[in-house]
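Single-structure report; data block below.
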Amino acid sequence: MARRKKEEPPVDITLPITPMLDMSFQLLSFFILTFRPIPTEGQMSVALPKIDVSEQTQEINPLPKEDNKDEYTITLRASSGGELALMSLRGPAGESPEIRNVNDLKGQLDAITPPVGRGKAGVSITIEADNDLTYSRLIEVMDICRRAGYDSVNLMPTRKERP
Amino acid sequence: MSHGGAGGGQGAQSAEPNLTPLLDMVLQLVMFFMLVANFVMDELSDKIRLPVASQAKPLTAKDTNFMYLNVDKTGRVLVPLGEPLLTPDQIRFYMRQAARNHVLGEAKAKEEVTVIIRADKDSRVQHILKTMQAIKESGFRKVQLRAQIEAK
């Protein structure tokens with residue numbers, strides 16, 4: 001028995017783009033609204049304090065000397081508002097002349113003669129900062145040390161506050 | 001000026017705009033925003049305003065093992081999903097827990113993980129030193145201070 005297939009008219013298949021587009025726009029607006037550009041942050045390496053800065057120890061110990069490195073110490077005194085009030089730079093040859101501002105400090109750091117054969121890698125800088133100094137001023141001084149080419153920078157409390 | 005549109009006695013023409021390229025473009029935009037969306041921003045607190053430094057180095061692809069400690073201007077250490085840490089004991093406990101739970105294992109984590117301190121620019125040196133001391137006492141070896149890179 002021959003069965004004759006009935007010819008059906010061709011079905012026009014259309015994908016509904018509009019709801020898909022609506023959904024895509026909603027997703028797009030969600031991501032645009034919640035988008036926060038990644039901040040351009042960076043970091044500076046710093047050695048952990050060589051001495052105990054907690055309040056339990058009361059002895060005044062000299063800083064352990066780093067091997068084969070010329071040690072320089074920058075002392076930062078803070079004003080009552082946490083700003084830089086006084087700065088000094090002490091090295092193997094003694095204390096440098098008065099430092100009035102951060103530009104002076106940069107000049108003094110540039111004038112350091114590094115150990116022969118080792119260059120600036122042979123210099124270690126310790127920043128002794130007042131407890132009340134603001135972090136932004138500390139970072140400013142660390143930044144100057146790095147701009148002067150010194151990568152070995154440590155952080156310590158000032159001697160009068162060192163336990 | 002003729003645009004060749006409907007009319008002119010040639011029968012009705014379809015005037016539906018072609019939405020497919022528009023959809024393609026929108027999906028591409030969605031994909032872009034999905035990829036650049038940073039879902040790990042929980043560790044980077046919005047409340048911290050970083051100081052600016054020109055010599056700060058951004059993280060590279062090699063820097064994979066690091067964790068953040070956010071220090072606000074009053075010296076509290078802000079941690080994701082938890083109360084702020086106020087005392088050195090709390091910071092030490094938190095750091096030891098972080099080392100124990102680290103995928104590298106406790107001993108290796110303490111050696112290899114870099115702790116990045118994100119401190120507010122108005123925080124004081126004593127807060128940084130207190131945090132650094134607690135990090136040292138909890139056994140970690142590497143610390144970095146974070147700053148916002150100065151635009152050149």
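Every chain is numbered from 1 and lettered A, B, ... according to where its sequence line falls, protein lines coming before strand lines. Just the heavy atoms: all of them, side chains too, but no hydrogens, waters or symmetry mates, feed the values below.
With a 4.5 Å cut-off on non-hydrogen atoms, B/Val52 touches chain A through its backbone but not through its side chain. With a 4.5 angstrom heavy-atom cutoff, B/Ile116 touches chain A only via side-chain atoms. Residue B/Arg49: no heavy atom, backbone or side chain, is found under 4.5 Å from chain A. With a 4.5 angstrom heavy-atom cutoff, B/Ile117 touches chain A only via backbone atoms. A/Leu28 touches chain B through backbone and side chain together, each having a heavy atom under 4.5 Å away. Interface residue B/Phe140: only backbone heavy atoms are found under 4.5 Å from chain A. For a residue to count as touching a neighbouring chain, one of its non-hydrogen atoms must lie under 4.5 Å from one of that chain's; by this rule B/Leu59 touches chain A with backbone and side chain alike. For a residue to count as touching a neighbouring chain, one of its non-hydrogen atoms must lie under 4.5 Å from one of that chain's; by this rule B/Ile128 touches chain A with the side chain only.
In this structure, A/Gly42 and B/Ala56 approach most closely via the heavy-atom pair C-CB, 3.5 Å. Annotation for B/Gln144 and A/Ser45: closest pair NE2-OG, 3.1 Å, computed over non-hydrogen atoms. Here the shortest heavy-atom pairing between A/Ser24 and B/Val26 reads CB-CG1, 3.4 Å. Pairing each heavy atom of A/Thr134 with each of B/Asp122, the nearest pair is CG2-O, 4.4 Å. Closest heavy-atom contact between B/Met132 and A/Leu155: SD-CD2, 3.9 Å. Closest non-hydrogen pair, A/Asn131 versus B/Arg124, comes out as O-CB, 3.4 Å.
A 6.0 Å sphere centred on CD of A/Gln26 holds no more than 12 heavy atoms belonging to other residues, nucleotides or ligands. Around NZ of A/Lys120, the count of heavy atoms belonging to other residues, nucleotides or ligands within 6.0 Å exceeds 12.
Between B/Pro51 and A/Glu140 the shortest side-chain heavy-atom distance does not fall below 4.5 Å. Here the side chains of B/Val125 and A/Asp130 are not in contact, with every heavy-atom distance at 4.5 Å or above. The shortest side-chain heavy-atom distance between B/Asp120 and A/Tyr135 does not fall under the 4.5 Å cut-off.
Note that the CG atom of B/Leu27 and the CE atom of A/Met20 stand 6.0 Å from one another [nearest 0.5 Å]. Atoms CG and OG1, from B/Leu22 and A/Thr18 in turn, are 10.0 Å apart once rounded to the nearest 0.5 Å. To the nearest 0.5 Å, atoms CG (A/Asp151) and CD (B/Gln55) are separated by 9.0 Å. Here CE of B/Met34 is found 7.5 Å from CG of A/Leu27. Values are rounded to the nearest 0.5 Å.
Taking non-hydrogen atoms and a 4.5 Å limit, the residue list of residues 104-113 of chain B in contact with chain A is empty.
Checking side-chain atoms of A/Glu41 against main-chain N and O of B/Ile149 turns up no donor-acceptor pair under 3.5 Å.
Under a hydrophobic clustering in which Ile, Leu, Val, Met, Phe, Trp and Tyr are joined whenever their side-chain heavy atoms come within less than 4.5 Å, directly or via other members, A/Ile17 and B/Met31 fall into different clusters. Hydrophobic clustering (ILVMFWY, side-chain heavy atoms < 4.5 Å, transitive): B/Leu86 and B/Phe93 are in distinct clusters. Transitive grouping of hydrophobic side chains (ILVMFWY, heavy atoms separated by less than 4.5 Å) keeps A/Leu86 and A/Tyr72 in distinct clusters. Hydrophobic clustering (ILVMFWY, side-chain heavy atoms < 4.5 Å, transitive): B/Leu29 and A/Phe30 are in one cluster.
Of all the listed residues (A/Leu133, A/Asp143, A/Ile144), the one sharing the greatest number of non-hydrogen pairs under 4.5 Å with chain B is A/Asp143. Note: B/Ala147 leads B/Ala147, B/Pro88, B/Ala134, B/Pro58 in heavy-atom pairs under 4.5 Å with chain A.
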